[in-house]
Structures are given as C-alpha cells and as structure tokens.
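Just below is one structure, and these are the notes that go with it.
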Amino acid sequence: MPKYLILKHYRGTPATVNDVPMDRWTPDEVDAHMQFMADFGRRLEETGEYVDGQALSPEGAFVRYDGPGRPPVTDGPFAETKDLIAGWYVVDVDSWDRAVELAGELSAAPGAGGKPIHEWLEVRPFYAVPSATDE
Amino acid sequence: MAGGAADAFDEVPLRELIPAVIGVLVRRGADFATAEDAVQDALVEAVRTFGETGAPRDPKGWLVTVAWRRFLDVVRSDTSRRRRELVVDAEPGAGTTEVADDTLQIFFLCAHPSLTPASAVALTLRAVAGLTTRQIAGAYLVPEATMAQRISRAKRTVSGDSFDRPGDLDTVRRVLYLVFNEGYTGDVDLAAEAIRLTRQLAALSSGEGGNPETDGLLALMLLHQARRPTRTRADGALVPLAEQDRTLWDTALVEEGVTILQSALARERRGEFQLQAAIAALHADAPTAAETDWVQVVQWYDELLALTGSPVVRLNRAVAVGEADGARAGLAALAEVDPGLPRHRAVEAYLHEKDGDLAAAARLYAEAARLAPSVAERTHLTRQAARLHADGA
C-alpha cells in the first residue's frame, strides 16, 4: 500500500478560513481541539492505516558545514516569514484519494467558536520501493 | 512465586535475580558482555518454562546453570577466541564465587562514569532490571536495532572493568532518577521499574545502617508516584499541582515515603535527593495548595540551592518564594534566574498573573507555550493564555 505524509505547518501555507491563534480561543475550544486530534490519531490506528505521527517545536535553526576544523555555522531562530513545519502523520492507505480524504478530516479540526479551522495541510506521496516484478 | 500454568506468570522476582546471576558467571571467568547475553537468554527460557511448569525451588540456581551452559555454547562455537577457551576449560568448583552477591557491582558497572547517561540507562535496564532490548527500545521510542547497538557499545565500554573496584553510588542514583523521570511511554512502566531498582539498591546498603541519600531518592520517587494518577487528565492534559484532586493521592505511598525520608534525615548526612524529597513531602502533607507550608518549602530550597547551585532549583525556589512572600517577592527572586532556562517564561507568567497583571501574564503564557518542551505542556500553557484572554486580559 502507498504511504503518504500529511504535513502540518505553523506558517507558510495560505491563510485559513478560521484564522484565530489558539491562545485567543476559549479554554473549552482548546480542549475540544485537542480531543479531536487525539480521536483522529486513535481512529487511524483502529483502521490499520497509522504509521507515525510526530509534533515539532517551532524552535531550531539552520546549520551548515563551514570548512575543515571549523565548527558548523548555525543560522536561527527561523525568520518569521519562513515556512515552518509543525508536525505530521504518515499513513499507509489504499489510494491517493484516501490520503486526501484523511487530510480533509484533519483540516476540519475545530478552532475558534468551535468551527472548523479549514487549515491547509500538505499531502505528499512517499517514493515507492521497487516491487519484486519491476525491472 | 504463585506460578501455576494457567496464572499470568510474574517475572519480576526472576528479573531481580539477573544481576546476581551475571555476577556468578563473571566470577567464574566469563566476560561481562557475553555473560549478560547468556543470562538474558536464560531469563527468556525461564519465563517460558516456568510459565508452564511453575518455578523451581531454586530459581537462581536454575538460571545460573542454564546461563552457564548457554555461555559455554557461545564460547565453544567461537573458536577464534582462544583466551576464553582457556578460561572455560578450567571448570569452576562451587565455592565462594557462588555465594558472593555481586548485584551492587553490576549496578556500579552499568552506571560507569565512562558511559553517557543514555547508555548507562539502557545498560542498567537490561543488565540490572532484566528487561529485553525490545522493551527498552519501546520505552524510549527508538528502533530495536538502535537500542541493541547502544547496549552492546555500552557493554564493550565497561567490559574490561574489574569487579573489585569501588563504584560510585552517586552516578547509580542519577541513572535511576533518569529512568524514573522518563515516565510511562511504551509497555514498560519505567517509573515503577526505577522504584523497584532503588528499593533493591537501598536494601543492598541497609547493612551499614543504610545510605541516607539512596533512601532519600527512594522517598522522592514514592512521593512523586503517589501523585501520579492526578497529574494528567484522561485525555493526557496536564493538571498543575494546585488543581490536583488530593483525595486521589496514594496515602500508603506518601506514608512510606515520609517514613523513609524521616529516618534518612535523622542520620544528618543530607544530599540533594533527601532535600527534594523533603519538599515533595511538604506538598504531600498539605490538604490544599494554599495550606502548604510555603515558608518551610523556601527554607528547603535555600538549603538545596546552597548544596547544588543548580539554576533549576533557583527557578523552582522563585515559585515557592512567590507563594510564601507574595508575587512581587517571587518576581524579585526570578530576576536572579537565567531567562534562557526552560520554563522560565512559564514561571514568569504565573507570577505576573498572581500579581494581577493579566495582560503581561497572557502574553508570557503564549510565549512560554512556544518554548514548551512537550505537546502536553504547550497545550496547558496555551490554555492558560486562552483563559486569561477569555476573562478579558
């Protein structure tokens, strides 16, 4: 079965419909959102489609090699304008359509006013492993 | 060991024997790394066999016999290792080597100062706790092959070390506390496992009137463990100390922790675990957060700070000062703390809220959320900011 990455961003995607930062929601709305996310993960496990799910802190830096005998150069924190990944699910599903369907469900997570956030999520296919009959 | 065929077999008493059995093999001339593998194999076989037939009268003797046989198989099949062949040819006589209990030496070896903390933790969980590599990997959320490699490198690092060298209890305690703090991911309850090992370590030194600092560590773990069911909600959300349902704290664990702590403190050789346990005991003793003896908490923090100079202690002390002497005093104490420290912003937010500056508190909670080390903490802090904003901050 093909694997897909469902990628969530802190920023860098087109603006969402319900675009209110989380600390401006009510505490109950925060709870409802977290409950939705937990249920989503549990459902993926129940359907046998879950592979991995991780969340990333917005902290960090760019790092590169700076020549022999020199310490690596770091550049951070990330500029406010940069695309910033927040986390992901990896799912193992029957089809691209199913991956899109799942991302659609996730994007409907409730936000301010209990209404769906309509968040933009990125869905990316993993490269396949060559099959036993490929030549 | 109530190990009828139909009952779920309790392997903990067997795992408790693991370091002693490794010790016997090493005394007989086996190298630590191979001995440890052989004993793991014997443990797996024991769990399988005893689960069906019940445990034998002398499970340690059984494990030694099976592990030694396994060790000989490995060594004999490995003809390139001639030095080991020579050792093996001199078959052991049952003598003092069989009686000596080297459990403590195995604790020392697994927390060897030349190991990184992550390696020491992994090796301790295998060779002292008797967990399988798969279980340890599951607990630390890394692939089994990664954990296997970490453990075998650690074994190689300590393999040449003599058993008779005196070990360092300080490093052992630190490793056990790391295990305890790792908490409860995966199938293995690492906190419970850390408590079991610390009990074993405390019992090993009870001969000389006990080691107060090891007892202090045990007390600290028990007092934390007593609050465990109330620290998170069913959905995983964090519940701060002040909001925990104190009626659900495990009073038996609290009582045991306090008793152990009192006898440790009476021996007048204070260390950081005893002092931390003293603070935990004051929390456990208070019917509500407001009724906590915060003045005494601050005094223990003063002593702890004088002993360790730790920036984290300084940060926690600022919270206690805020409770004992008011938010302004807490903020003044916080001014002495490095702002780059994890949770600094969260403490600052809390003290500003207490001081009535809700706008600053909301801003700081949101900032603290961005810096949070876990999703649970991030959610908790975001929720705090949301609560203040909803109240009009």
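Throughout, protein chains are lettered first and strands after them, A, B, ... in sequence-line order, and every chain is numbered starting at 1. Predicted model, so just to flag it, every value in this text is computed and none were measured.
- Both the backbone and the side chain of A:Met22 come within contact range of chain B, with heavy atoms under 4.5 Å apart.
- Expressed to the nearest 0.5 Å, how far CG of B:Leu381 lies from CG of A:Asp23 amounts to 11.0 Å.
- B:Arg387 approaches A:Pro27 most closely through the heavy-atom pair CA-CG, 3.5 Å.
- In terms of heavy atoms, B:Val375 sits closest to A:Ala55 at CG2-CB, 3.7 Å.
- Summarising the geometry, atom CE belonging to A:Met34 is positioned 8.5 Å from atom OG1 belonging to B:Thr382; distances are rounded to the nearest 0.5 Å.
- Closest approach of A:Val30 and B:Thr379 over heavy atoms only: CG1-CG2, 4.1 Å.
- Enclosure of atom CZ in A:Arg43 by more than 12 non-hydrogen atoms of other residues, nucleotides or ligands within 6.0 angstrom is indicated.
- Heavy atoms from other residues, nucleotides or ligands lying under 6.0 Å from CZ of B:Arg153 number 12 at most.
- Counting non-hydrogen atoms of other residues, nucleotides and ligands closer than 6.0 Å to CH2 of A:Trp120 gives a total of 12 or fewer.
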Quiz item: Stepwise, does the side-chain contact (heavy atoms from CB on, under 4.5 Å) test hold for B:Arg233 with A:Asp31?
Solution: CA-CA 11 Å; B:Arg233 287 200 316 234; A:Asp31 287 347; 3.6 Å; yes

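- Using a 4.5 Å cut-off between heavy atoms, B:Ala390 contacts chain A through its side chain alone, with no backbone atom that close.
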